[in-house]
Amino acid sequence: MMKVEAIIRQERLEHVKKALEERGFTGMTVCQVRGRGEEAGIELEYRGQIVKVDLLPRIKIEVFIDDEKVDEVVQAIMEAAWTGNPGDGRIFVLPVARAYRIRTRERLA
Amino acid sequence: MMKVEAIIRQERLEHVKKALEERGFTGMTVCQVRGRGEEAGIELEYRGQIVKVDLLPRIKIEVFIDDEKVDEVVQAIMEAAWTGNPGDGRIFVLPVARAYRIRTRERLA
Amino acid sequence: MMKVEAIIRQERLEHVKKALEERGFTGMTVCQVRGRGEEAGIELEYRGQIVKVDLLPRIKIEVFIDDEKVDEVVQAIMEAAWTGNPGDGRIFVLPVARAYRIRTRERLA
Amino acid sequence: MDPAATAWVLAATSLVVLMVFGVALFYGGLVRRKNVVNMIALSLAAMSVVSVEWAVMGFSLAFAPSVLGGLVGGLDYALLRGVGLEPFPGTGVPSALYVAFQLAFAAVTLAILTSPFAERASLTGFTVFALLWAIIVYQPVAHWVWGGGWLDSMVSSLTGASPLDFAGGLVVHAASGFSALAIALVIGPRRGLDGRGFPPHSIPMTLLGAGLLWFGWFGFNAGSALAADGVAGSALLSTHLAAASGALAWGLVSWLRGRPSSVGMASGALAGLVAITPAAGYVEPWASIPIGVLAAVASYYALAWRLRSGIDESLDAWAVHGVAGVAGSLITGVFASEALAGQPGLLWGGVPTIMAQLISTVVVVVYAFAASYLLAKAVEAVVGLRVREEEEYVGLDVSQHGEEAYAWTE
Amino acid sequence: MDPAATAWVLAATSLVVLMVFGVALFYGGLVRRKNVVNMIALSLAAMSVVSVEWAVMGFSLAFAPSVLGGLVGGLDYALLRGVGLEPFPGTGVPSALYVAFQLAFAAVTLAILTSPFAERASLTGFTVFALLWAIIVYQPVAHWVWGGGWLDSMVSSLTGASPLDFAGGLVVHAASGFSALAIALVIGPRRGLDGRGFPPHSIPMTLLGAGLLWFGWFGFNAGSALAADGVAGSALLSTHLAAASGALAWGLVSWLRGRPSSVGMASGALAGLVAITPAAGYVEPWASIPIGVLAAVASYYALAWRLRSGIDESLDAWAVHGVAGVAGSLITGVFASEALAGQPGLLWGGVPTIMAQLISTVVVVVYAFAASYLLAKAVEAVVGLRVREEEEYVGLDVSQHGEEAYAWTE
Amino acid sequence: MDPAATAWVLAATSLVVLMVFGVALFYGGLVRRKNVVNMIALSLAAMSVVSVEWAVMGFSLAFAPSVLGGLVGGLDYALLRGVGLEPFPGTGVPSALYVAFQLAFAAVTLAILTSPFAERASLTGFTVFALLWAIIVYQPVAHWVWGGGWLDSMVSSLTGASPLDFAGGLVVHAASGFSALAIALVIGPRRGLDGRGFPPHSIPMTLLGAGLLWFGWFGFNAGSALAADGVAGSALLSTHLAAASGALAWGLVSWLRGRPSSVGMASGALAGLVAITPAAGYVEPWASIPIGVLAAVASYYALAWRLRSGIDESLDAWAVHGVAGVAGSLITGVFASEALAGQPGLLWGGVPTIMAQLISTVVVVVYAFAASYLLAKAVEAVVGLRVREEEEYVGLDVSQHGEEAYAWTE
Ligand SMILES: Nc1ncnc2c1ncn2[C@@H]1O[C@H](COP(=O)(O)OP(=O)(O)O)[C@@H](O)[C@H]1O
Ligand SMILES: Nc1ncnc2c1ncn2[C@@H]1O[C@H](COP(=O)(O)OP(=O)(O)O)[C@@H](O)[C@H]1O
Ligand SMILES: Nc1ncnc2c1ncn2[C@@H]1O[C@H](COP(=O)(O)OP(=O)(O)O)[C@@H](O)[C@H]1O
């Protein structure tokens with residue numbers, strides 16, 4: 001089993017969810033993160049005071065998936081999250097040693 | 001060393017904390033996530049407009065632990081997080097290459 | 001490629017960002033977490049009712065980086081996040097199997 | 001008709017209606033994130049239901065000439081018959097305005113009463129309870145104390161003094177506070193409350209609610225003069241000073257045992273406001289300072305006891321409104337100024353006044369507690385008071401309203 | 001000069017200004033987190049611009065003696081000439097206060113009008129539009145209905161009855177609501193709104209806004225009596241009862257189809273408040289209950305239709321203010337009491353009254369819709385109404401104001 | 001007794017008390033999440049302390065007949081002696097109400113003064129300072145300007161004109177603003193503020209605070225007429241127009257340099273409100289527009305200078321209240337209308353008026369700054385003003401109050 005970790009734009013979340021769903025991957029866990037990469041960040045101004053915000057809002061999606069389906073998941077996310085502009089994000093795949101489902105107490109991998 | 005990553009129901013957090021504590025595991029990092037699995041999600045209604053919420057609130061617990069204690073930690077979480085209803089969550093174990101404590105600058109693994 | 005995961009104090013985030021930047025590491029993803037370790041936690045009081053808060057606010061930084069630069073990144077974070085008091089946090093390094101950049105669709109590792 | 005009185009009571013009525021939202025936010029900030037919408041909606045639902053009932057018959061039950069030996073008012077004003085532009089008898093303000101002013105008091109009382117329902121009540125159960133409570137508890141008690149009902153004449157004939165309740169220390173606060181305690185005993189504690197409390201999800205929301213309450217209370221107390229005169233002015237000053245001294249007193253007492261919490265200071269201010277309510281137009285302004293201090297200290301210890309007792313009267317309507325309402329009622333009997341109240345308080349030897357306060361307080365508290373207990377049992381049996389366990393876990397916002405208070409994405 | 005009237009209108013004007021913030025928060029809670037600052041700022045900007053314009057000429061266009069055959073008022077009061085301490089003709093309140101009171105109404109109207117601009121309008125485009133709309137739509141319509149313009153005389157000569165609009169059901173609510181619909185057609189839907197709605201980012205903020213609106217509306221309606229008398233008192237009671245029955249009605253109707261949402265209850269209260277606005281001083285208080293119920297049900301179905309239609313009139317100014325404004329206007333013609341309105345409603349056989357309401361409503365709605373549509377097209381062509389696509393994605397708070405509503409770190 | 005005046009001042013006093021919560025929320029939104037409870041609690045604590053002190057002696061120091069050569073009032077009204085139902089000398093409102101109205105002004109002033117204490121002050125240190133500042137700065141200055149103290153007679157004899165301060169441009173705003181600057185110099189900057197600012201944790205909270213301030217300010221300025229008459233009406237209109245033009249002016253000036261932030265627009269509105277405060281009842285309404293614009297521009301540049309200077313007067317009480325208070329005071333000397341102020345402004349050749357404004361402004365500003373500086377030094381030495389470094393890092397909510405503003409779990 002592998003863990004696919006994708007950092008994407010917020011506004012692409014719905015697209016990514018749909019893309020995964022269509023390919024039959026419903027399980028996922030997401031959370032709100034802030035990220036910076038090669039992008040410049042933005043400058044905000046409060047009452048005349050400039051505050052540099054270089055960490056921009058992103059969504060992190062985590063999908064645990066069997067090894068043989070990793071490519072399909074990566075592909076689906078890659079397409080659905082793409083806009084072509086700097087800041088589209090990254091996908092990382094990490095090895096998983098073991099996995100369990102709590103409800104059934106079964107070991108999945 | 002391993003990383004145990006558990007995605008559980010919010011209302012089981014206190015139980016899991018207690019279960020780990022009783023077995024002597026105090027160190028942990030948690031964060032709020034949203035997840036979906038085999039559950040259906042819920043429908044919310046705002047002024048007549050239906051909004052489907054298929055990502056439900058969950059808590060992610062991360063415990064870094066020596067290899068030989070992984071089973072104990074997994075077992076403790078599994079029991080404390082269990083309700084038997086769909087949505088109880090998953091536990092994953094990931095390999096860790098190295099670990100450091102910042103305060104003492106020592107390498108733990 | 002490796003994933004460096006550091007759990008640090010909130011108020012050290014700016015220092016860590018700067019330290020990484022100075023060494024040329026701009027890419028990172030951060031999120032708000034709560035953690036407990038060997039620290040005691042704090043007691044809050046609401047209208048006479050004591051609520052024990054043993055999960056204190058922390059920031060989790062994730063940096064994906066080529067294997068040979070892991071030491072440098074760990075070193076930079078370790079120094080910038082250090083205060084010497086209990087609660088300074090931990091750094092973990094996890095192996096990464098593959099990595100992609102969404103915008104260019106290229107495989108990074 | 002008294003145009004200046006009308007001008008002030010128009011504003012005062014608006015202020016009292018705002019207090020309903022003040023209570024809703026004060027309570028809403030204290031619950032968990034998953035229940036805040038429901039907490040606010042309970043006050044909104046209660047106000048809406050009681051408003052219509054008030055027009056249909058509530059006002060009449062409380063303020064029409066007595067029937068049934070002074071137990072309630074008759075149906076003379078039912079469906080707002082005879083409520084129009086001309087002054088309400090005995091006042092200088094238009095009848096319609098007087099109906100609205102008194103309606104706002106009933107609405108605030110029901111909002112306070114949402115406390116023991118917090119985070120576990122079914123919307124249906126609560127709404128049915130609220131409607132019946134207005135008819136069975138609020139309107140009779142209002143009639144007894146303010147509407148010329150039996151209590152006033154009974155107490156007067158027993159003690160030779162009238163029971164004093166300027167703006168509702170008994171009718172509004174003691175009645176709702178002790179009812180809340182009775183309801184808490186019936187409905188039972190929230191699930192998962194094992195010893196630990198739940199931290200408030202938004203203290204700023206609670207403090208905003210307290211601010212709106214402090215503001216609205218000027219309409220509540222100074223409006224009860226039903227005139228734009230010296231009594232109204234004096235009541236306003238007393239109201240403010242009692243709030244300030246209550247906040248200080250609670251802050252100081254809790255400072256001795258740890259750190260002064262902001263929610264504590266706000267609760268102290270509320271306790272002061274509650275306690276000055278029966279007294280506002282009957283005592284000289286300086287007396288509001290000891291009144292505020294005593295009320296806050298009494299509420300503080302009541303709350304501490306309530307926590308130790310394990311009774312989940314969740315948002316402390318009892319400790320704050322009930323206890324400070326009783327304290328204020330009794331202290332009114334001590335500090336009442338003959339010039340203002342028409343009868344001297346205990347401080348000037350006025351034993352009848354304190355006896356009148358004591359008797360009327362006991363009657364109201366006992367009736368409210370007992371009637372609410374029985375009513376809660378009855379509603380529990382017939383329609384049910386609580387949501388199912390899963391609904392409580394997932395939160396009432398989703399389960400009762402299909403809403404999430406705060407979106408989790410940007 | 002009527003000092004008591006002045007005392008009340010001073011308070012009432014303050015209340016109406018607060019309503020602008022009520023609208024801003026009501027709307028602000030409904031949008032996504034990345035647009036809430038902009039949503040509030042639109043109301044603030046609109047109020048600021050129209051206030052200065054009001055002093056320069058707006059008040060005069062609306063309330064000075066007619067020119068151009070009753071299309072608008074002349075420039076007699078331009079630059080506040082002749083606006084001072086003495087009573088405004090026909091009222092008992094100082095001219096300066098009357099100007100402020102009426103200004104607050106214009107500000108609220110523009111705040112309501114921000115709905116179709118939500119989450120996509122350029123600040124420049126909106127501000128230009130708001131300024132021109134005040135001049136081209138609001139001030140003429142106010143003149144027609146309240147300032148002695150052509151509509152009043154035309155309708156009176158046609159039907160023998162005056163069009164009734166106590167506090168702005170037509171001028172404020174119907175006009176802004178139908179204008180909002182026209183604007184929505186021009187500006188187009190928000191990006192990413194594929195079938196699904198966006199969940200509100202903070203329902204408590206919306207409910208707080210509703211609370212401030214309910215509170216402020218007492219100044220709006222009872223203040224419109226321009227006196228501290230029985231009419232004001234009756235208007236206040238009617239206002240409250242219509243809000244309560246609207247909240248109940250919406251709650252019940254939506255309960256039949258699922259769960260009663262708190263935002264729905266608040267919308268029902270608003271619909272009730274809107275519908276009682278034209279009627280408040282002209283109907284007996286009991287009539288406010290059917291008015292509130294009918295308006296809430298009408299708004300509920302209008303909103304359901306709007307959602308199905310795919311028109312992104314984002315925050316439902318049309319369904320709530322437009323539809324309930326029209327409903328209220330017509331029902332005023334049914335329930336108007338001869339004693340209060342000077343002419344009987346349909347219920348008492350007053351056909352002329354309902355005809356007058358019908359004609360004036362149609363005229364105002366058609367004019368507001370058509371003029372707003374053309375104006376929106378014109379502003380779109382000349383300065384543009386929308387932000388660029390990336391700006392919409394990143395959110396208007398950052399792109400238009402350089403601000404983030406909520407800091408993400410502690 | 002003037003019943004209509006009393007009706008309005010009852011409402012106005014309530015409005016001014018609400019402003020304390022307006023300031024608390026305005027400031028609370030601007031600080032970091034970990035300090036918001038403390039920021040609100042400082043205002044609450046200050047109001048509570050000064051209220052009790054006001055009853056004990058504060059009112060008397062400010063408004064009783066002069067002692068010590070006009071430096072302060074005597075103790076005639078100490079412990080509220082002689083404060084009752086009858087009108088306060090020289091006014092038509094009950095003494096008790098007059099005491100409350102003036103108390104609310106003192107409370108608002110202290111709330112403004114919390115700015116330089118933001119995110120770093122010890123609760124004890126702040127409370128001690130606030131109490132002493134009320135006695136040493138606020139009450140003397142109020143006596144000089146409003147209570148018949150030495151300044152009034154000195155300036156009159158020097159220039160032949162009275163210093164004009166309708167509602168507290170000097171006493172409230174200039175005094176608190178320049179005191180804030182002095183305190184900032186003593187207490188020193190917040191830790192971690194290396195060049196970068198801290199982003200506000202909740203802009204909607206700040207905008208809500210601004211809304212409550214705008215609303216409450218009508219009571220502040222129009223209430224200061226102490227009558228329900230044309231002057232009150234004119235003051236209300238001027239207040240609104242100054243706020244609107246201030247918001248516009250700040251918005252436009254900042255638009256030239258980037259994007260118009262909502263916090264900037266709100267600050268501009270506040271600057272306009274501050275500047276119209278000394279002028280409200282003395283100038284014709286049209287003059288409020290240039291006054292609002294000038295004040296906002298002055299505040300804007302003052303704030304820019306403050307940021308460059310590195311002085312951490314954290315929430316800009318100086319730039320907004322201090323600078324706009326001074327600007328407003330001087331401009332009052334320019335625009336004062338003879339009919340309203342009893343003496344013509346510079347615009348009509350009234351050199352004495354502008355001289356009177358200049359002298360009184362300099363005196364108040366210098367005294368407030370110097371006395372606050374010394375007082376801050378003294379309190380710092382004796383009880384300490386700041387929390388320890390770790391307490392500042394963990395946040396004042398936890399360290400001073402044992403509370404977290406927002407729960408992190410559902
Ligand atoms: N080395 C990295 N480690 C962790 N996260 C990264 C790294 N590089 C990029 N990211 C994440 O990916 C997001 C997008 O990166 P960015 O370089 O801006 O995108 P792009 O490659 O499309 O230009 C960042 O905001 C950050 O969250
Ligand atoms: N494949 C997956 N990848 C990532 N997270 C998952 C995956 N499957 C489930 N989860 C997480 O676990 C939670 C519970 O999953 P679910 O399937 O509903 O539980 P159960 O197995 O008890 O029915 C989800 O909400 C989600 O956060
Ligand atoms: N075993 C662990 N697993 C996961 N997170 C941990 C673990 N131990 C510590 N942490 C994280 O590190 C943070 C600091 O740990 P702590 O033991 O308090 O620091 P220190 O070692 O400096 O005393 C904790 O708040 C928690 O978030």
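So you know, we letter chains A, B, ... as the sequences are listed, proteins then strands, and number each from 1. As a basis for the values below, the full set of heavy atoms in this structure was taken, side chains included, without hydrogen atoms, waters or symmetry mates.
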For this session: Measure the spacing between CG of Asn85(C) and OH of Tyr393(F) and express it to the nearest 0.5 Å.
Result: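 Going from the CG atom of Asn85(C) to the OH atom of Tyr393(F) covers 11.5 Å.
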
Problem set entry | Lys34(F) side, atom NZ; Gln10(C) side, atom CD - distance, nearest 0.5 Å | 7.0 Å

For this session: Could you tell me whether Arg34(C) and Glu404(F) make a salt bridge, using a distance below 4.0 angstrom between a side-chain N and a carboxylate O?
Result: yes

